Protein chains: 2
Amino acid sequence: MTNRTQRAERRTDALSKERIVEAAIAILDESGESALTFRALAARLATGSGAIYWHVANKDDLLAAATDDVVARVVTDVDDGAEPRAAIRTVALGVFDAIDAHPWVGTQLTRAPWLAAMPRIFEAIGGRLQALGVPERAWFDSVSALVNYILGVAGQNAANARLHAHGTGREALLGAVAAQWARLDPARYPFVHRVAEQLPAHDDREQFLAGIDLILAGVTATLPAGTRTGSDGSRASRS
Amino acid sequence: MTNRTQRAERRTDALSKERIVEAAIAILDESGESALTFRALAARLATGSGAIYWHVANKDDLLAAATDDVVARVVTDVDDGAEPRAAIRTVALGVFDAIDAHPWVGTQLTRAPWLAAMPRIFEAIGGRLQALGVPERAWFDSVSALVNYILGVAGQNAANARLHAHGTGREALLGAVAAQWARLDPARYPFVHRVAEQLPAHDDREQFLAGIDLILAGVTATLPAGTRTGSDGSRASRS
DNA sequence: ACCTGAACACCGTTCAAGT
DNA sequence: ACCTGAACACCGTTCAAGT
């Protein structure tokens, strides 16, 4: 009987998967992916490194749980009544911003795409494709295209953030890449030369959205005749 | 004088960055990313681990060189006279197949996108967008969309390959994911449920191409009026 | 100039021992 | 049932010492 109440009144500092994941996210956000070690985690939780293994299978399991935590927060609260294309843009931007705030999420998403976070993204986007009038046989290819694009950007941003952590600022990084591209043989890399000029000034978030709009334009263009409704979503948004 | 000829007649087993990269690729292909250690590399090259550091800055440098090696082979030999859309598909498929054959390339490409391999892909695809009539202000966003999509798929494939290495076969993996998706609450994940059925039967390569076609359809759809030529590349290819 | 290999400062993970 | 922390089997990287 007393056991019962004791368990209910469990001290808040008792170890649990939730508290471990929470601490892991804090370390990842504060100090980056390389700072998350079982020793650092144990120190922050004031326990032994072995204790963590009682609640978590291994480091991959821990990272998967942390990633799912962040993604779940983003994907769920999107207005259900919104126009499908707008809703897809909102979801995609949500994932983009989440990775901007937690770059390690980008790394995880591209390394372990089958984890719990993935169905969340699939559902959030896929449901809207359906509403858009995309025929069922094209569903899978269409979500897949959008999600793979999002994951590609996620990986890039995470990689850039890794450099930022090493001291390089965003401008310095873009400048260095632009300079490297400008140094390539113009005869063999004419296109890269032209694009290099646009690189330092471009806005990551705007370019991300432009890509989403491009894919949505493709989805709309391949819609069965007579189903097309609303704008084609290809307008370059400037806000 | 004798030094001169001696250097020219250097034994083929002398250490060099090329030989190190070659050995690294062999280890990566034969035994996967986790098998590439400086100790294993030193053993294969019959030298000390420290010797490798004379020719290579660190492990990242080594992986970047190995990746560039593989990508360079793929991207260069694409027919220059081909129709732009067909050429883009060829380049994309080349990268896809390279990652299929060397999954570790996918990991690297998504982790270090600014490396030497990236301008190669940008040029190969961007040049064709130009030929397609895409206006200059849309170049950057368009290549970026295509390349990010390719990188997204690259990451996925690499992740899947990591599982394959751990013993799980492709069918078993797809089956497990499909089963996991089918177990989700149908009320909250209706779309995922429907798509789960298509998952085990789908062809990765075809789906990849479908995504490329979707983006190309979007590029075509947003082309200035009067510029559109040829097919819109949106045909769902079944072979 | 280039190579050797022991040593350093770490990791993730395990496990006997405790409560 | 849960926690402790030393120990194990690794890593990437460095560096004095060799040739």
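Quick note on labels: first sequence line is chain A, next is B, and so on, each numbered from 1. Because only heavy atoms are used, hydrogens play no part in the values below, and waters and symmetry mates are left out as well, while side chains stay in. Because the structure is a prediction, the values reported are computed rather than measured.
Taking the ring centroids of Tyr189(B) and Phe122(A), they lie at or beyond the 6.0 Å cut-off.
Remark on DNA chain D: of its neighbouring residues Ser49(B) and Ser16(A), the 5'-side contact belongs to Ser16(A), judged by nearest-heavy-atom nucleotide. Judged by closest nucleotide on DNA chain D, His55(A) is the one of His55(A) and Lys59(B) placed further toward the 5' end. Projected onto DNA chain C by closest heavy-atom contact, Gly48(B) and Arg39(B) fall at different nucleotides, the more 5' of which corresponds to Gly48(B).
Of the candidate nucleotides dG12(D), dC3(D), dT14(C), dC3(D) has the atom nearest to the side chain of Ala51(A). Distances from the side chain of Thr37(B) to the nucleotides dC11(D), dG12(C), dC3(C) place dC11(D) closest.
Just one of Leu62(B), Asp68(B), Leu63(B) meets the side chain to side chain contact (heavy atoms under 4.5 Å, CB included) condition when paired with Val21(B); it is Leu62(B).
Nucleotide dG12(C) holds its C1' atom 12 Å from the CG atom of Leu41(A), rounded to whole Å. Protein atom CD1 of Ile27(A) is 11 Å distant from nucleotide atom P of dG12(C), rounded to whole Å. The distance between atom CG of Leu62(A) and atom C1' of dG12(C), rounded to the nearest whole Å, is 12 Å. When the P atom of dC3(D) is taken as reference, atom CG of Leu15(A) falls 5 Å away, rounded to whole Å. In this structure, Asp60(B) places its CG atom 7 Å from P of dT13(D), rounding to the nearest Å. Nucleotide dA16(D) holds its P atom 17 Å from the OH atom of Tyr53(B), rounded to whole Å. Atom-to-atom, CD1 of Ile52(B) to C1' of dG5(C) comes out at 12 Å; the value is rounded to the nearest Å. In this entry the distance linking CD1 of Ile20(A) with C1' of dC3(D) reads 11 Å, nearest Å.
Looking at heavy-atom distances under 4.0 Å, Leu36(B) makes contact with sugar-phosphate atoms alone, never a base.
Note: Tyr149(A) and Phe208(A) have parallel aromatic rings, judged against thresholds of 30 and 60 degrees for the angle between ring planes.
Residue Trp54(A) has a polar side-chain atom (N or O) positioned under 4.0 Å from OP1 or OP2 of dC2(D).
Remark: side-chain polar atoms of Arg19(A) are paired, donor with acceptor, to backbone N or O of Ala14(A) under 3.5 angstrom.
Summarising the base pairing, dG18(C) is matched to dC2(D) through a Watson-Crick or G-U wobble pair whose two defining distances lie under 3.5 Å. Base pairing annotation: dC10(C) forms no Watson-Crick or G-U wobble pair, as no partner gives both donor-acceptor distances under 3.5 Å.
Other residues, nucleotides and ligands contribute over 12 non-hydrogen atoms within 6.0 Å of the CZ atom of Arg170(A).
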